[in-house]
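Data first, discussion second: the structure below is written as structure tokens.
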Amino acid sequence: MKTAITPTRAENFSEWYQNLIIAADLAENAPVRGCMTIKPYGWAIWELMRDQMDKRIKAAGVQNANFPLLIPIAYFNREAEHVAGFAKEAAVVTHYRLKMIDGVLQPDPDAKLTDAYVIRPTSETIIGEAMSRWVQSWRDLPMKLNQWVNVMRWEMRPRMFLRTSEFNWQEGHNVFATHEEANADAKKMHKMYADYMRDVLAAPVVAGEKTPEERFAGADHTYTVEQIMQDGKALQAGTSHDLGQHFAKSFDIKYLGTDGKLQYAWTTSWGTSTRMMGGLFMIHSDDDGLVLPPVIAPYQIVIIPIVREENTDALNKYAEDLGEKLRELDLRVLVDTSDMRAPDKMWKWIKRGVPLRVEIGSREMENGTVTITRRDLGKESKQTVSVDELLKIAPDLMKQMQREMYERALARQNAQIHDVETLADLEHALERGTTGFFRIKYDLTLNAEFDGLIEKYKISRRCLDANDPSFVYVAKSY
RNA sequence: CGGAGUAUAGCUCAGUCUGGUAGAGCGCUACGUUCGGGACGUAGAGGUCGUAGGUUCGAAUCCUGUUACUCCGACCA
């Protein structure tokens, strides 16, 4: 059986992934190294993801704002761990004017900035500076801010969506009066991410706290949601940090308490990025292309009229009318009346992962029936139903597909988690080529022998087991 | 930042060794036959061969410089 994407997942997973992105028309590599152009279809998915996330962020009492792209270098210097974490991947703006010199446009040597700016790799510092002025009294707390922006981290090994030099994300930054509140909020946003991925992306997660070795630069606690891709590798899909008082002290975020004492506040930050899209694609898609959960599918249903010359107009109109009826049920519907051959249209939308395909031939137009095929189940799911039946079941069918996609993904994830008792067991498993997450006593990983395994098998500690933090999950990762 | 490679049509690449004035497949356009899991025929459009210089009667091809990108390693949402 010929597949739309070659090579297949089994043959070469990372090449399959690259070709999937091209075939589904999601994005392409940009002329600028490490950057990608997200194409309209890919961006439509991101917009739906973003809107769903934004609702949840606002429901958590957070306000959106927008801070500058450029950050004074000196700001980074104020938090020692933080600067160490980002210094080696910072892009720096040094000039403010171009000049034609010898016929070549270049930065004007006479327009050098005395204080250069860093293009934000993350905004803890500049938001911290603002918060130091905005937070005065206990009445100002908690203060919860979020922004949807692009950031830049100069990456040596970019991969589309998973790791690009520029990426889009949301970064939330909250301030609290007490550590208890701050830590509870970091955990709350962490749970929000896990729920979001389950309900919106139909993607299960392994949620837990990062070990000290893997923590965010400048955080006391980092809570992560890790996903397991179909090839068994881990993807860090979102993190929420309890920053303690590191940034409050570095940026002088202080408030006057009810007791009349001036004291440092406690901050958190939490983020998810377009990387989530990479995870979404690698969790659900198959050898024929993208498979999208209905909640974030730009088109949930595509209607393809199988036209012949003599009935083109009538059938197209009939299909448009059906599309309109489905739209009245709050479904996103595309009626593809473009001038392409029917099989080409089908493959186009199969590759783009549209959840439900509806085909209408001329006889079906007369009979009042349609042929429907679920993308997640493939052509085996093809069946003929009446138009009335379709209109009746379509909204529930979307919910059902969403649920079943999650259940299948969860089953795959569970099959990729292995308990190991000893480092020897771990090494045997890795040696045999076993993929996935390995659950092992955290204590067993704090030695040179484990460091050797990290080096040899390119594994890392993903997070502690939330149910029993004496265990840690270990895996190869993206 | 180390190691290796590539640069020729929108895309993937051949042509370079042995210098003689530009090719294939896919895609695109038109017409015809087609159209329910990837169609075929015919006719077309499309490239100063990354860039600057040199050698030569003549350079995609040889020489020198330069720039960009890709892959593999160390780092990472």
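Each chain gets a letter, A, B and so on, in the order its sequence line appears, and its residues count up from 1. Every heavy atom of this structure was used, including side-chain atoms; hydrogens, water molecules and symmetry mates were not.
- At B:A77, none of the side-chain N or O atoms of A:Arg163 fall inside 4.0 Å of OP1 or OP2 (strictly under the cut-off).
- Atom-to-atom, NZ of A:Lys458 to P of B:C75 comes out at 8 Å; the value is rounded to the nearest Å.
- Nucleotides B:G27 and B:U12 place their P atoms 15 Å apart, quoted to the nearest Å.
- Atom CG of A:Asn29 is separated from atom P of B:U12 by 11 Å (rounded to the nearest Å).
- For A:Glu89, taking side-chain heavy atoms from C-beta onward, the closest of the listed nucleotides B:C76, B:C35, B:G38 is B:C76.
- The nearest whole Å value for the distance from the CZ atom in A:Phe86 to the C1' atom in B:A77 is 8 Å.
- Rounded to whole Å, the separation between the C1' atoms of B:C62 and B:U16 comes to 10 Å.
- Checking B:C35, B:A77, B:G73 against the side-chain heavy atoms of A:Gln236 singles out B:A77 as nearest.
- The A:Asp344 side chain lies nearest to B:A39 when the options are B:G37, B:A39, B:C35.
- Base pairing analysis places B:A59 opposite nothing; no Watson-Crick or G-U wobble pair with both distances below 3.5 Å involves it.
- Between the C1' atoms of B:A68 and B:U34, the separation comes to 45 Å (whole Å).
- Counting non-hydrogen atoms under 4.0 angstrom, A:Ala237 reaches nothing in the nucleic acid.
- For A:Arg33 and B:U70, the shortest distance from a side-chain N or O to OP1 or OP2 is below 4.0 Å.
- For the pair A:Arg56 and A:Trp270, the cation does not sit on the ring face, since its NZ or CZ is not both under 6.0 Å from the ring centre and inside 45° of the axis.
- Across B:G47 and B:G10, the matching P atoms stand 7 Å from one another, rounded to whole Å.
- Nucleotide B:C26 has B:G10 as its partner under the Watson-Crick or G-U criteria, with both atom distances under 3.5 Å.
- For the 3.5 Å distance criterion, the side chains of A:Gln170 and A:Thr272 qualify, holding a donor opposite an acceptor.
- Taking the charged nitrogens against the carboxylate oxygens, A:Lys58 and A:Asp54 do have a contact shorter than 4.0 Å, which makes a salt bridge.
- A:Gly378 comes within 4.0 angstrom of a base, heavy atoms only.
- Separation of the P atoms belonging to B:G65 and B:A22 is 30 Å when rounded to the nearest angstrom.
- Between A:Tyr223 and A:His190, the ring planes lie tilted relative to each other; the angle falls in the 30° to 60° range.
- Taking atom P in both B:G15 and B:U61, one finds a spacing of 15 Å when rounded to whole Å.
- A:Ile304 comes within 4.0 angstrom of no nucleic acid atom, judged by non-hydrogen atoms across all strands.
- At whole-Å resolution of the value, CE in A:Met197 and P in B:A77 are 14 Å apart.
- Base pairing annotation: B:U48 forms no Watson-Crick or G-U wobble pair, as no partner gives both donor-acceptor distances under 3.5 Å.
- In terms of phosphate contacts, A:Arg308 brings a side-chain nitrogen or oxygen within less than 4.0 Å of OP1 or OP2 of B:C35.
- Salt bridge annotation for A:Lys187-A:Glu209: absent, with no cationic side-chain nitrogen under 4.0 angstrom from a carboxylate oxygen.
- Between A:Gly361 and A:Gly238, the residue whose closest nucleotide on RNA chain B is further toward the 5' end is A:Gly361.
- The interatomic distance linking A:Ile119 (CD1) with B:A77 (P) rounds to 19 Å, in whole Å.
- Spacing between atom CZ of A:Arg215 and atom P of B:A77 amounts to 14 Å, rounded to whole angstrom units.
- As judged by a 4.0 angstrom heavy-atom cut-off over every strand, A:Thr164 is placed among the base-contacting residues.
- Spacing between atom CZ of A:Arg50 and atom P of B:A77 amounts to 24 Å, rounded to whole angstrom units.
- The side chain of A:Glu155 lies closest to B:A77 when the candidates are B:C35, B:A77, B:G37.
- For the C1' atoms, the distance linking B:G20 with B:A59 amounts to 10 Å, nearest Å.
- Taking the six-membered ring for Trp and thresholds of 30 and 60 degrees, A:Phe281 and A:Phe161 have ring planes more than 60 degrees apart, a perpendicular arrangement.
- Only the P atoms considered, B:C17 is 15 Å distant from B:G50, to the nearest whole Å.
- OP1 and OP2 of B:G38 both lie 4.0 Å or more from every side-chain N or O belonging to A:Arg341.
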Exercise for review: Please report the C-alpha distance between A:His173 and A:Ser269 in whole Å, then the side-chain angles of each, then the deciding distance to 0.1 Å, and finally whether the side-chain hydrogen bond (donor to acceptor under 3.5 Å, both in side chains) criterion is met.
Suggested key: CA-CA 4 Å; A:His173 299 268; A:Ser269 69; 4.7 Å; no
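- Nearer the 5' end of RNA chain B, as judged by each residue's closest nucleotide, is the contact made by A:Ala4, out of A:Ala4 and A:Trp154.
- Contacts between residues 266-278 of chain A and RNA chain B, counted as heavy-atom distances below 4.0 Å, involve A:Ser273, A:Arg275.
- A:Asp388 has no carboxylate O lying under 4.0 Å from a charged side-chain N of A:Lys325, or vice versa, which leaves the two without a salt bridge.
- As judged by a 4.0 angstrom heavy-atom cut-off over every strand, A:Arg357 is placed among the base-contacting residues.
- Here A:Glu171 lies out of heavy-atom contact (under 4.0 Å) with every strand.
- Aromatic stacking is not marked for A:Trp169 over B:A77, as the cut-offs of 5.5 Å for the centres and 30° for the planes do not both hold.
- Under 4.0 Å is where a charged nitrogen must lie from a carboxylate oxygen, and between A:Arg374 and A:Glu404 at least one such pair does.
- Within a 6.0 Å radius of OH in A:Tyr299, other residues, nucleotides and ligands contribute 12 heavy atoms or fewer.
- Within 4.0 Å (heavy atoms only), A:Thr239 reaches no atom of the nucleic acid at all.
- Across all strands shown, B:U34 has no partner, as no Watson-Crick or G-U wobble contact with both distances under 3.5 Å is found.
- Taking the charged nitrogens against the carboxylate oxygens, A:Arg78 and A:Glu129 have no contact shorter than 4.0 Å, which rules out a salt bridge.
- The partner of B:C17 cannot be assigned: no Watson-Crick or G-U wobble pair with both contacts below 3.5 Å exists in any strand.
- The phosphate of B:G37 has OP1 or OP2 within less than 4.0 Å of a side-chain N or O from A:Lys382.
- Rounded to an integer number of Å, the gap from CZ of A:Arg120 to P of B:A77 is 18 Å.
- Pairing of B:A4, defined by two Watson-Crick or G-U wobble distances under 3.5 Å, is identified with B:U70.
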